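One-based numbering, in listed order, for ligands and for the atoms of each. As the structure is a prediction and not an experimental result, all values here were calculated from the model. Index from 1, following the sequence.
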Amino acid sequence: MTVKIAILGAAGRMGRALVNAIASQAGVELVAALDRDNAPESGLDAGSLAGLPALGVFISSDLEEALAVADVLIDFTRPEGTLAAIAACKKAGRPIVIGTTGFTPEQKALIAEATRGIAVCQAANFSVGVNVLLKLVEDAARTLGDAYDVEIVEAHHRHKVDAPSGTALALGEAAAAGLQRDLKQVAIYGREGHTGARKSETIGFVTVRGGDVIGDHTVMYLGDGERLELTHKASSRQNFAGGAVRAALWLAGKPVGSYSMRDVLGL
Ligand code: NAD
């Protein structure tokens, strides 16, 4: 059976990578390519836009029309785009793969509410390597325990609009889970001025922005006399796109509920 996919954010960096991933994978078909209604790319062929031969699928903004023919929607946009997509998917009874990051706590609550009505697979990072890293980070934190200070350093391209990255936050959650701490209580987002000595329970985040860095993440465990660093470096957006398409294939036909990439990979 071929799974019919619609992409929201098809004109963006990830959208184009998704068009490539779908074109190179068996068992999936791109049936709709959506973006903002005033996007300059409206009406252009999604294949040509992604550097492929024309596919006969044109950039539009009609979610309802797209969901009438698609089995699953993949969203890589901005939080407002995701919330509109969830409302449309609920109405059409279609599952959604959410790759967008940068949600406020209120927006996260709205997404959690939506999972009562449809199947949702959400991940701050769809790469297989990062999802293995999430597990390693939790395990290492549990084993090393309170004697090691945890700091997370991330770097992304100059166009990224949210910080720290959704992946860095997910790594923070994984470390906090291993240490039985609540990230909300212990996270420190950058330091400046006379900060005083480091409080041992804190988990620090450092954000680097610039150039064309696709996504680097390092979790440091700093102890007395040694430090352990776990690092992932993305060298192409295709790894996120391939993972999101794999998630869409997995999600089509799954019961209503909330899933993560760890579920898709069976981690
Ligand atoms: P981008 O700016 O290149 O593309 C975003 C696209 O979404 C644009 O074409 C824009 O016109 C469209 N868009 C914005 N608001 C919209 C709306 N309300 N309705 C419809 N379309 C809308 O950004 P990008 O680099 O492709 O990243 C997109 C999102 O995906 C970001 O939140 C980024 O952090 C996230 N991301 C997630 C992963 C992951 O693995 N989960 C990987 C990379 C990027």
Considering only NZ, NE, NH1 and NH2 on the basic side and carboxylate oxygens on the acidic side, decide whether [X] and [Y] come within less than 4.0 Å.
X	Y	value
Glu138	Arg262	yes
Arg94	Asp71	no
Arg78	Asp162	no
Arg227	Glu151	no

Report task. Between Ala123 and ligand 1, find which residue part has any heavy-atom pair under 4.0 Å and reply side chain, backbone, both or neither. Result ->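 Near ligand 1, Ala123 shows its backbone, while the atoms from C-beta on stay back.
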
Query raised in the report: What part of Glu41 sits under 4.0 Å from ligand 1 if we count only heavy atoms: the side chain, the backbone, both or neither?
Result: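 Within the 4.0 Å criterion, Glu41 makes no contact with ligand 1.
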
Report task. Take Phe240 and Phe126 through the test ring-ring contact (aromatic ring centres under 6.0 Å, His included) and record every step on the way to the result. Result -> CA-CA 5 Å; Phe240 308 127; Phe126 277 98; 8.9 Å; no

Distance-only polar pair, side chains of [X] and [Y], donor-acceptor under 3.5 Å:
X	Y	result
Glu229	Tyr221	no
His217	Thr231	no
Thr167	Asn125	yes
Ser60	Asp62	no

By number and element, which atoms of ligand 1 are closer than 4.0 Å to a non-hydrogen atom of [X]?
X	value
Ala11	9 (O)
Leu8	20 (C)
Arg78	2 (O), 14 (C), 15 (N), 23 (O), 28 (C), 31 (C)
Phe126	39 (C), 40 (O), 41 (N)

Requested in this report: Would you sort out whether Asp149 and Lys199 count as a salt bridge (charged side-chain N to carboxylate O under 4.0 Å, His left out), showing the intermediate values?
Outcome: CA-CA 9 Å; Asp149 299 324; Lys199 290 201 180 80; over 6 Å; no

Does any N/O atom on [X] come nearer than 3.5 Å to any N/O atom on ligand 1?
X	answer
Arg36	yes
Gly9	no
Thr100	no
Phe240	no
Arg13	yes

Identity and separation of the nearest protein heavy atom to [atom]:
atom	answer
atom 5 (C) of ligand 1	Phe76 O, 3.9 Å
atom 35 (C) of ligand 1	Gly99 O, 3.5 Å
atom 34 (O) of ligand 1	Thr101 OG1, 2.7 Å
atom 4 (O) of ligand 1	Gly12 CA, 3.3 Å

Report task. Determine, using heavy atoms of Ala39 and all atoms of ligand 1, whether some pair is separated by less than 4.0 Å. Result ->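 For ligand 1, residue contact (heavy atoms, under 4.0 Å) with Ala39 is absent.
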
For [atom], which candidate among [options] provides the closest heavy atom?
atom	options	value
atom 27 (O) of ligand 1	Met14, Lys160, Met261, His157	Met14
atom 29 (C) of ligand 1	Asp75, Asp35, Asp37, Thr77	Thr77
atom 39 (C) of ligand 1	Ala124, Gly15, Ala241	Ala124

**Report entry** Trace of the salt bridge (charged side-chain N to carboxylate O under 4.0 Å, His left out) decision for Glu154 with Arg209
**Finding:** CA-CA 9 Å; Glu154 60 103 338; Arg209 289 286 175 270; 2.8 Å; yes

Query raised in the report: Among Leu133, Val132, Leu171, whose side chain to side chain contact (heavy atoms under 4.5 Å, CB included) with His232 holds?
Result: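 The single option meeting the side chain to side chain contact (heavy atoms under 4.5 Å, CB included) with His232 is Leu133.
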
